[in-house]
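Quick notes on the structure that follows.
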2 protein chains.
Amino acid sequence: MATFRALQAASLVEQAYEEIRSAILGGILKPGSAVSEAAIAREMGISRGPLREALRLLEQAGLVVSEPNRGHRVPVFTEEDLEEFASIRLALEGLAIRGALEAADGPERLREIVERMRRASRRGDRAAAVTLDREFHETIVELSGHRRLLTVWNLLRDQIELAVAEISLTYPTLAGRADAHVPLLESMERRDLAGALAALESHIYDSELLQEARRRTGRRDPEPSGGEAEGAGGGAGP
Amino acid sequence: MATFRALQAASLVEQAYEEIRSAILGGILKPGSAVSEAAIAREMGISRGPLREALRLLEQAGLVVSEPNRGHRVPVFTEEDLEEFASIRLALEGLAIRGALEAADGPERLREIVERMRRASRRGDRAAAVTLDREFHETIVELSGHRRLLTVWNLLRDQIELAVAEISLTYPTLAGRADAHVPLLESMERRDLAGALAALESHIYDSELLQEARRRTGRRDPEPSGGEAEGAGGGAGP
DNA sequence: AAGCTGTCAACTGTCGACAGCTTCGGACCG
DNA sequence: CGGTCCGAAGCTGTCGACAGTTGACAGCTT
């Protein structure tokens with residue numbers, strides 16, 4: 001068992017990536033605002049080369065958008081984008097749950113996170129609650145042991161977080177955040193795949209935020225006719 | 001009616017990206033071989049700056065891997081990786097099918113691709129068959145009208161194609177490629193969601209290639225108990 | 001006054017050069 | 001003869017500078 005993990009001099013590209021990423025997610029760089037190479041490079045005291053590479057990566061991750069010769073900006077997301085992200089999340093996390101159900105210590109780890117989340121929202125620590133929310137879902141993906149899935153999910157995560165942050169600026173309070181995870185958690189503790197998928201779906205699709213967003217845009221819930229929770233549909237598995 | 005279409009100077013980064021990408025997918029850069037910045041820059045007659053950016057993008061897309069101060073290489077995939085990709089594909093394309101079923105001209109466009117694929121394999125044009133295979137699945141994703149899904153899928157597509165190309169070097173023939181798409185196509189023509197999902201699952205999971213790969217590694221089919229195709233991905237978006 | 005054209009500042013796109021790290025091969029020593 | 005040390009070569013990581021493009025503004029023409 002290793003005592004120390006390998007240290008690694010983070011390259012300027014990685015450092016710049018992280019710095020800009022957290023500035024965007026932290027709301028320091030506001031949606032729609034320009035992200036100037038030259039200005040940031042000056043501020044960080046590095047040359048533009050590494051910064052350009054970092055920006056290219058951020059662009060591929062969806063945290064900035066760019067126009068040729070016009071520079072980079074923080075993207076502006078709409079409620080429609082949230083719907084798109086929600087459906088992808090549902091597909092990917094649904095896949096993750098299947099794998100996570102086979103991890104012995106899965107429910108235990110998840111329950112602990114929910115507990116911490118509950119404490120955080122009880123003491124009004126909004127930032128911690130958001131972090132724990134992300135950690136909950138990330139843990140499910142990790143528990144699945146699916147390396148590529150984790151990669152893809154990570155790439156989407158930041159983008160989703162940014163979109164949520166933008167939209168949720170208008171709806172300040174998200175009280176029962178922790179409780180929203182309980183049905184999913186309990187299904188997983190029962191090793192109930194179908195139930196967990198259904199719980200995940202309503203957790204993601206029927207979140208306060210999306211509900212509110214739909215209300216604002218005056219759209220109806222998607223698929224009013226089609227079976228919505230057929231979660232464990234075609235049991236045609238081999 | 002405009003007479004001229006907008007011109008756009010393709011940046012060296014994009015050109016280099018495309019060039020290297022097709023060299024990797026085309027097998028000119030072999031799995032495991034080094035991808036040297038300096039050498040390629042010399043060959044292309046450009047400086048290393050744009051090339052580095054292109055390589056960073058390729059890295060994020062999974063077409064090259066890099067170690068700090070050690071340079072870049074074409075990754076070597078295993079049969080296990082194929083399983084991972086298959087499950088992600090299934091989740092994402094399952095989501096795509098829901099949206100694609102609402103596109104009026106969907107089945108028509110897909111049927112035409114299958115026809116061309118059939119003709120291609122009849123005349124032994126392997127390259128065309130592979131391209132059409134990819135086009136078939138890409139069309140499904142496009143038909144869904146889900147922009148983010150298309151982005152994510154595109155990012156994975158190259159990686160999957162590379163993995164398949166590497167593994168399939170050992171199994172040269174893939175005869176009935178076109179026919180493998182027929183059950184899925186027919187389910188979609190009947191607007192049968194459950195059937196289409198099941199067909200997609202067996203198309204992806206029971207492909208000749210994966211079967212053979214499993215045989216070689218001596219592993220059993222994954223998840224002998226659980227249903228695999230009820231892909232979470234609930235109500236499709238608008 | 002309206003529209004077009006010329007100019008300008010700021011920015012991105014690209015380049016060549018230097019510094020540090022890694023690797024490989026040969027010289028040296030036991 | 002084998003192991004170790006050292007230096008050269010090649011590579012990546014980074015930098016500062018130059019060229020090309022863009023959008024805005026001022027000035028001219030009709």
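Values in this document were obtained by computation on a predicted structure and should not be read as measured data. Letters A, B, ... are given to chains in the order of the sequence lines, protein chains preceding strands, and every chain is numbered from 1.
Taking every side-chain heavy atom of A/S47 into account, D/dG16 is the closest of D/dG16, C/dT14, C/dT12. Set against C/dT14, D/dT12, D/dT14, the side chain of A/V13 has D/dT14 as its closest nucleotide. In the set D/dT12, C/dT12, C/dT14, the nucleotide with an atom closest to the side chain of B/R48 is D/dT12.
A salt bridge is absent between B/R73 and B/E67: the closest approach of a Lys/Arg side-chain nitrogen to an acidic carboxylate oxygen does not fall below 4.0 angstrom. With respect to the salt-bridge test (charged N to carboxylate O, under 4.0 angstrom), the residues A/R148 and B/E83 do not qualify. We find that A/E53 and A/R56 are not joined by a salt bridge, their nearest charged nitrogen and carboxylate oxygen being 4.0 Å or further apart.
Looking only at atom types and distance, the side chain of A/H137 has a donor-acceptor partner in the side chain of A/R89 under 3.5 Å away. A donor-acceptor contact closer than 3.5 angstrom links the side chains of A/T78 and A/D81.
The interatomic distance linking B/R52 (CZ) with C/dG13 (C1') rounds to 16 Å, in whole Å. Put simply, NE2 on A/H72 is 15 Å from C1' on C/dA10, counting in whole angstrom units. Regarding A/L12, its CG atom lies at a distance of 15 Å from the C1' atom of C/dC21, rounded to whole Å. In this structure, CG of B/L55 is placed 14 Å from P of D/dC11, rounded to the nearest angstrom. Note: CD (B/E14) to C1' (C/dT14) measures 14 Å, nearest angstrom. The distance between atom CD of A/E53 and atom P of C/dT12, rounded to the nearest whole Å, is 16 Å. One interatomic measurement links the two molecules: CD of A/E37 to P of C/dT14, which rounds to 11 Å at whole-angstrom precision. Regarding A/N69, its CG atom lies at a distance of 7 Å from the C1' atom of C/dG13, rounded to whole Å.
Using a 4.0 Å heavy-atom cutoff across all strands shown, B/G71 reaches sugar-phosphate atoms only and no base atom.
In this entry C/dC8 has D/dG23 as its Watson-Crick or G-U wobble partner, both defining distances falling under 3.5 Å.
Contact between the side-chain N/O atoms of B/R70 and the OP1/OP2 oxygens of C/dC21 is not found at any separation under 4.0 Å.
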